[in-house]
Each structure stands twice: as C-alpha cells, then as structure tokens.
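Numbers restart at 1 for each chain; the letters A, B, ... are given by sequence-line order, proteins then strands.
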Amino acid sequence: MKDSRYILVLIALFLVLLDPPRAVGALNITVPDIVLVKQNGQNVHLYSDLVKGRKAVVINTIFTTCTTICPQIGVRIARLQKALAEFSPADYSLISISVDPVVDTPERLRAWAAKMGARPGWTLLTGPKMQVDAVLQKLTLATPDKFTHSPVSLVGSDGPDGFVTCNALAGGDPLIRLVQQRLGAVKK
Amino acid sequence: MRHFFAAYLLLVPSLLAQLSASERCGKEIYMRGVGGSGKEIVALLDNGQTRVPATLTPCGSCHGADGRGKPEGGVVPPDITWDALTKPYGVYRTNGRSHAPYTESTFKRAFTMGTDPSGNKLDTVMPRFQLSYEDAACLVAFMKKLGHLADPGITDESIRIGVLLGPSDTLIRTTLAQYFDKFNRDGGVYGRTVELVFHDREGATRLAQWLNRASVFALIGNDLTGAESDVAPVLNDAETPSIWASAAEPDLRQPLKPYVFYVRVASRPAHTDADSLTAARILTAGLQRAGRSLTRQSFVEALESMYKVDFGGVEVTFGPNRRVGVSQR
C-alpha cells in the first residue's frame, strides 16, 4: 500500500518534469482589437492586423527616451528576429508598444527601430494615450510611471495556447526557444 | 603635493572643465560608445551571443553622465564613479554582492570580461565591451574624472548665464538685470546665485568662439529671427542650453536640436520684450526643478518636464518633442 503511494508520487513527479515549460504560468490574456498607430504612421487594429493567424506573437513595452533597459530589450528582440530569418512575417509578429505615447511619435519610433535594425515583422506602436493605456491594461503591461515599466515580453500565438511571460532582459536564448516552439521549429 | 593640487583646482574652477586629449576621448567612449582609435567598439550581451555596436549601449546611457546610475524597470546600475569603485575597505552593493576595491587592471577586466575584483560575475544586463588597448586606457583616464566634473559655468556659489541681446536692447537689459538681482537677493537657487554675462548678439562663427571662451552654463536671448538656421546648430553643437524669447522661423526640423528652446514663434517686436522676461523666468524655474546636482542634461530635462506652467499669464509647455513653449492659435 505504502509502496504504491510512492509509485503514484513518482509518476506525478515524472509528469510534472515532462510538462513543457510553456504551460507554466500561462496568462489569461485576450489581445484587444484596439486601433493603434504603427511606426510608419498607419493605423492598425492590434488583434486583426498584427496577431490574427500568427503562430508566434511577442509583445513588449518600450519608450524611446528610455536609455537604461529599452536599448537592451531592443537588441534582444533584434537578435530574436535574426534567429527567425527562415520564417515570414505572416508566421510571426513582434510588437513593441510605447508606454510613453505622448512623446513617442511615429517618427521617433521609426528612428528607434532603425537604430535597432528592425525588419518587417517587428511593429512598433504608439497612438492616442487613452487607446494605448487601454491596450496595456488588457495586456497586463500597464505602468503608472514609465521608468518602472516591467522588462517583460509576452510570448504567445493566435490560438488556445495563451500567452506566457518571459524576462525581456535575460539572455536571449529562452525567448528564442519559446518563439521557435510556437512556430513548430523545435519540439515543445 | 596632493593638497596643493586640490587647492589649485579649487582656485581655478575652469581648469576642472578642461579634459586632456585622452580624457576627452574617454568621454566620447563613455557617453557615445565611439572610440578614438577608429576601430568600432563592440558590446557583447547574453554571454557573447548578441554583438551590437557600443553606440547602442554606451556606459553613460545606464550609468548616467555623472556615473551614479539611472534606475529603470527594476534595473539599478551601480555608482561607478572612481571614488565609489576604489573605496579602500571594499564595496558593498545593495544586491548583496561585495568586492575588493577596483584597480585600473581589474576595472578593465570588469568592462571587457564581466567580473568584479573578487571574481563575481556582473549582472547580465551589463555588456562586455571589446575595444582597443588605447581606447580602454582613455576610458580609464576619463573614469577618474567622472563625477568630479561640473558643466561649464557652474561653481559652488554661482551659475553663469549668458544673455544675448542686440546693441539697442537697453530696456530689456535693465529689466533682466533687475529680475536676476531680485532672484539672487531672494536666495538664488540651492545656494547658488545667477551671474549674468551680457554679450552682443552676433554671427554664428563669432558666437561659437565666444562660447568656447565664456564658460557659460546656459543662455537666454531675446530674438533669433533671421539667424535661426545659423545660430541654433552652433548652440546645439556647443551643448549650451538656450531659451529664446522669439524667432520667426525656429529651426524645428527632425531630429530636434535639443538644446534650443523658444518661448514663442513670433518676430520682433510683438511680444519680444515681455517674453525675454518670460525666458528668464523659465530659466530660473528650470534651475529650481533641476536641483542642486545641476548639469546641462538635468536642466534640459527639467525644461522638458514643464507642462502648462504659468509664467505671469503666459502658459508654457515643453517636452521631448516640443521646443516652442507657447502654443500658437
């Protein structure tokens, strides 16, 4: 009797260890279809234009006058995009939303993106503050003070798998692996 | 010998602002990530897997122009002034890491290989830099000055402000002199008084030469009409913050010239005299907002933080994208 209990515990442990990392801490997030403004000045619907149909979606927050962590987040997203060279922007979507939309005009976002070497598939977003704030609330990325915005990337896809969070400042490998898993390039 | 040297520096404050050639080169590396040897400096992140030009992540963008660190998003860059790094009894960080005092060679090892003098790994956010021996030596030379350098025109007792006016602007000259007289009598700003240096408005080349000599912290002027595209770049290159009462066609092309502010888009003489006083009020309010550890950078940021501030009936707003204080109707 006692032995069988041990065996059950062992089986449970084994199952926990087998469980893929993506399932840990999956967030209950629905990407809202609010209209924001892209770095080229065009309006986009966040869900239908940038998330719908994508197998991998990465969302994080930046602002262009941020000097300490945002360039670091930016170079890591750029590295991620390089690692995704074999995929088309129809498969994945990298989204950086400004937490300082009043200052971050599309021109500022464009200049920042150029500095980081962003290519199609990486969209930077600003817009009227009300709309941006509403999006950030829905995505749990809202911050009362731009200097304390959380260095977190949401990684997910358009589907039932949901989003997980990933430290946007940690080494780029876990982020790249998460995204490649979503794209089916590596086993989950 | 050391005491003699320190006393000498106190007597001649302008010497402090002067850097040797290698220190200047080190400052370029620290602030912009640009080396003097012509070889690109590379920043390595994620254990070397991400290679980016150091211009994207230069030292100063996290550690600040004063070396004391600009915390953001939970990342707290440590104080890297030479005094802090070389405390003889060792250094205790708030994150629990402690290490022996740095020396020149362990300091070089820190920013190239990412370990402190006691062999602890530095934070992953801290890039490891690849640079030439010459550039590394320049950076070390500059580090020893970092945090000891006041911007031009600042002493313990005073802040020197240039005033650029035309030769016939005697009324506004008197008004400004009276305004700052009262400002100083009322206590000045954080123990410092404002010292005015009046200078005739002149062409861009001569202005550049004067700025080199005059050692002023910032400028105010009454009207820049006709010289916007000549003078604004000179002021911007000299990194001298300036507040102009008016200009008919201010140079607001992107990228903005961050050091040049205007009260209003107008040409003389509509508001210029009244707005010159507004420019002076904006200047003193900016100095108050910037606080005691005043730098040109903190002063510009203080001006940018002004949102609908009332200066005697004139409502002024500046921001990172906005250099004209009074909105046009």
Most heavy-atom pairs under 4.5 angstrom with chain B, which of A/Val102, A/Thr65, A/Asp145, A/Val103? A/Val103
Interchain contact, B/Pro320 with chain A, by part (heavy-atom threshold 4.5 Å): both
Strictly less than 4.5 Å between heavy atoms, which residues of residues 107-143 of chain A line up against chain B? Please order them by number. A/Arg108, A/Lys115, A/Met116
Less than 4.0 angstrom from a charged side-chain N to a carboxylate O is my criterion; do B/Asp310 and B/Lys308 meet it? no
Tell me yes or no: between the side chains of B/Gln288 and B/Tyr190, is some donor less than 3.5 Å from an acceptor? no
Chain A shares the most heavy-atom pairs under 4.5 Å, among B/Val125, B/Asp123, B/Val75, with B/Val125
Answer yes or no: is there an ion pair linking B/Glu304 with B/Arg323, defined by an N-O contact shorter than 4.0 Å? yes
What's the spacing between A/Leu80 CG and A/Tyr92 OH if we round to 0.5 Å? 8.0 Å
Can you pull out the residues in residues 52-61 of chain B with any heavy atom less than 4.5 Å from chain A? B/Val52, B/Leu56, B/Thr57, B/Ser61
Select one option (side chain, backbone, both, neither) describing which atoms of A/Val152 are under 4.5 Å from chain B's heavy atoms. neither
Does the gap between the ring centers of B/Phe142 and B/Tyr30 come in under 6.0 Å? yes
I need the minimum non-hydrogen distance between A/Ser96 and A/Asn60, along with the two atoms involved. OG-OD1, 2.8 Å
Hey, which of B/Lys70, B/Arg322, B/Gln49 has the most heavy atom pairs under 4.5 Å with chain A? B/Gln49
May I ask you to check whether B/Tyr102 and B/Trp82 place their ring centres under 6.0 Å from each other? no
How about B/Asp151 and B/Thr295: does a side-chain donor come under 3.5 Å of a side-chain acceptor? no
For B/Thr81 and B/Asp79, does a side-chain donor sit closer than 3.5 Å to a side-chain acceptor? yes
For B/Thr50 and A/Arg76, which I'm curious about, is there any donor-acceptor pair between the side chains at under 3.5 Å? no
With heavy-atom distances below 4.5 Å as the criterion, would you say the side chains of A/Arg54 and A/Ser157 are in contact? no
If the contact rule is any heavy atom under 4.5 Å from chain B, which residues of residues 44-52 of chain A qualify, in numerical order? none
Applying disulfide bond (SG atoms under 2.5 Å apart), name anything that partners A/Cys70, two or more places apart in sequence or on another chain. A/Cys66
Please confirm whether the ring centroid of B/Phe318 lies under 6.0 Å from the ring centroid of B/Tyr307. no
Nearest non-hydrogen partners of B/His99 and B/Ser118, listed with the distance: CA-OG, 3.2 Å
Considering all heavy atoms of both residues, which atom of B/Val91 and which atom of B/Ala84 are nearest to each other, and what is their separation? CG2-O, 3.2 Å
